[in-house]
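Working notes for the structure below.
Hydrogens, waters and symmetry mates play no part in the numbers below; they use all other heavy atoms, side chains included.
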Amino acid sequence: MKKLLLFVFSGMILSACSNSGNKTASGDQVKQNEIVITNDMENAIGVIPSWHNEKTVMAVKNVPAHSGEYAMVTNDTIEYSYTYRELIKNINGENPKTVTYSGWVYTTVANPNFAIICSVNENNQQYDWKAFPLDKELTEPGKWVEFSASFSFTDKQLKPEHEIGLYAWNQSKKPIYMDDLKIIFSY
């Protein structure tokens, strides 16, 4: 019996040690050469470090959320979405080669003037800015559509003190909802 307990206990310790690198303290997943950050909007009203512009996240009534009860909305009065913003050195000790921002979008108009933005600031000044338009993917209003926007950093050298920002920019002024966001930093 003692040998069985020792065997089970050893297996539990081995299992715990082998999974120690899969999640950060904030619950974000870490894979080899990747950091994955997710946000389903359900806890956005609480204080989540690195996420800003919480006023865009609300319990949706007119449109069913992709999952849960909350989604982020942009419209004629809210042009910029809920934003992920963090110093590169706080994400990982290395500079990312690419960042992929994905999730689900629900539009109330076909082909809206809507883009995913990746901005990089140095000392509160714009260092780099890239847009990934989604108008060609959002051809059918009234349904949730999966999207993925990738940004490469091979053209400009990033520094650990640079601040990276990822958000949506709605220039169409019509309501557009987003939910179940995922950011992947690849190294």
Side-chain angles (χ1 to χ4, degrees), residues 18-54 56-57 65-68 70-74 80-107 112 114-122 126-139 143-170 176-187:
S18 68
N19 291 329
S20 62
N22 291 343
K23 289 198 177 208
T24 65
S26 64
D28 299 329
Q29 295 180 7
V30 178
K31 296 179 183 177
Q32 186 176 11
N33 300 323
E34 283 186 351
I35 292 181
V36 179
I37 299 167
T38 59
N39 192 328
D40 65 3
M41 306 300 147
E42 298 307 303
N43 297 312
I45 303 304
V47 178
I48 299 177
S50 305
W51 289 91
H52 306 275
N53 203 13
E54 292 85 6
T56 65
V57 180
H66 183 258
S67 70
Y70 291 84
M72 181 270 304
V73 65
T74 56
Y80 300 101
S81 75
Y82 192 43
T83 302
Y84 178 83
R85 193 170 51 224
E86 187 60 80
L87 295 175
I88 291 183
K89 67 183 177 183
N90 292 342
I91 300 167
N92 188 350
E94 300 176 45
N95 292 333
K97 293 178 184 167
T98 61
V99 175
T100 303
Y101 184 79
S102 61
W104 293 85
V105 177
Y106 182 103
T107 182
F114 186 78
I116 302 302
I117 306 298
C118 179
S119 65
V120 178
N121 292 331
E122 181 174 27
Q126 186 173 304
Y127 175 77
D128 197 9
W129 186 90
K130 299 174 184 193
F132 191 99
L134 290 178
D135 58 327
K136 290 181 177 48
E137 284 86 359
L138 303 175
T139 59
K143 71 176 201 173
W144 285 99
V145 176
E146 192 170 17
F147 76 91
S148 183
S150 289
F151 303 94
S152 175
F153 297 105
T154 56
D155 54 340
K156 285 199 172 182
Q157 181 63 36
L158 297 180
K159 299 176 187 172
E161 59 275 0
H162 282 159
E163 179 184 67
I164 193 164
L166 295 157
Y167 55 95
W169 184 17
N170 181 358
I176 298 176
Y177 300 83
M178 294 177 72
D179 202 357
D180 298 322
L181 303 177
K182 184 190 318 186
I183 301 169
I184 301 174
F185 291 92
S186 300
Y187 299 90

Where do [X] and [Y] come nearest, in terms of heavy atoms and distance?
| X | Y | result |
| --- | --- | --- |
| A131 | A115 | CB-CB, 4.5 Å |
| A44 | E54 | O-CG, 3.3 Å |
| E94 | Y187 | O-CE2, 3.2 Å |
| L181 | M178 | CD2-CE, 3.7 Å |

Any chance you could measure [X], atom [atom1], to [Y], atom [atom2], to the nearest 0.5 Å?
| X | Y | atom1 | atom2 | value |
| --- | --- | --- | --- | --- |
| I176 | Y106 | CD1 | OH | 12.0 Å |
| M41 | Y70 | CE | OH | 13.0 Å |
| N92 | S186 | CG | OG | 11.0 Å |
| K182 | E146 | NZ | CD | 8.0 Å |
| T107 | W144 | OG1 | CH2 | 10.5 Å |
| T74 | N170 | OG1 | CG | 3.5 Å |

Say whether, by atom type as modelled, one donor and one acceptor occur between the side chain of K159 and the main chain of E122 under 3.5 angstrom.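 No; judged by distance alone, with no hydrogens or angles, the pair does not exist.
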Does N53 use its side chain to pair, donor to acceptor, with the backbone of Y80 at less than 3.5 Å?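 Side chain of N53 to backbone of Y80, a donor-acceptor pair under 3.5 Å: yes, one is there.
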**Asked** Does the side chain of T98 come under 3.5 Å of the side chain of S152 through a donor N or O and an acceptor N or O?
**Response**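 No.
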Report yes or no: do D180 and S67 form a side-chain donor-acceptor pair below 3.5 Å?
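Their side chains do contain a donor-acceptor pair, which is all the 3.5 Å distance test asks for.
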TODO: Mark yes when over 12 heavy atoms from residues, nucleotides or ligands other than K156 sit less than 6.0 Å from its NZ; otherwise mark no.
DONE: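 Above 12, so yes.
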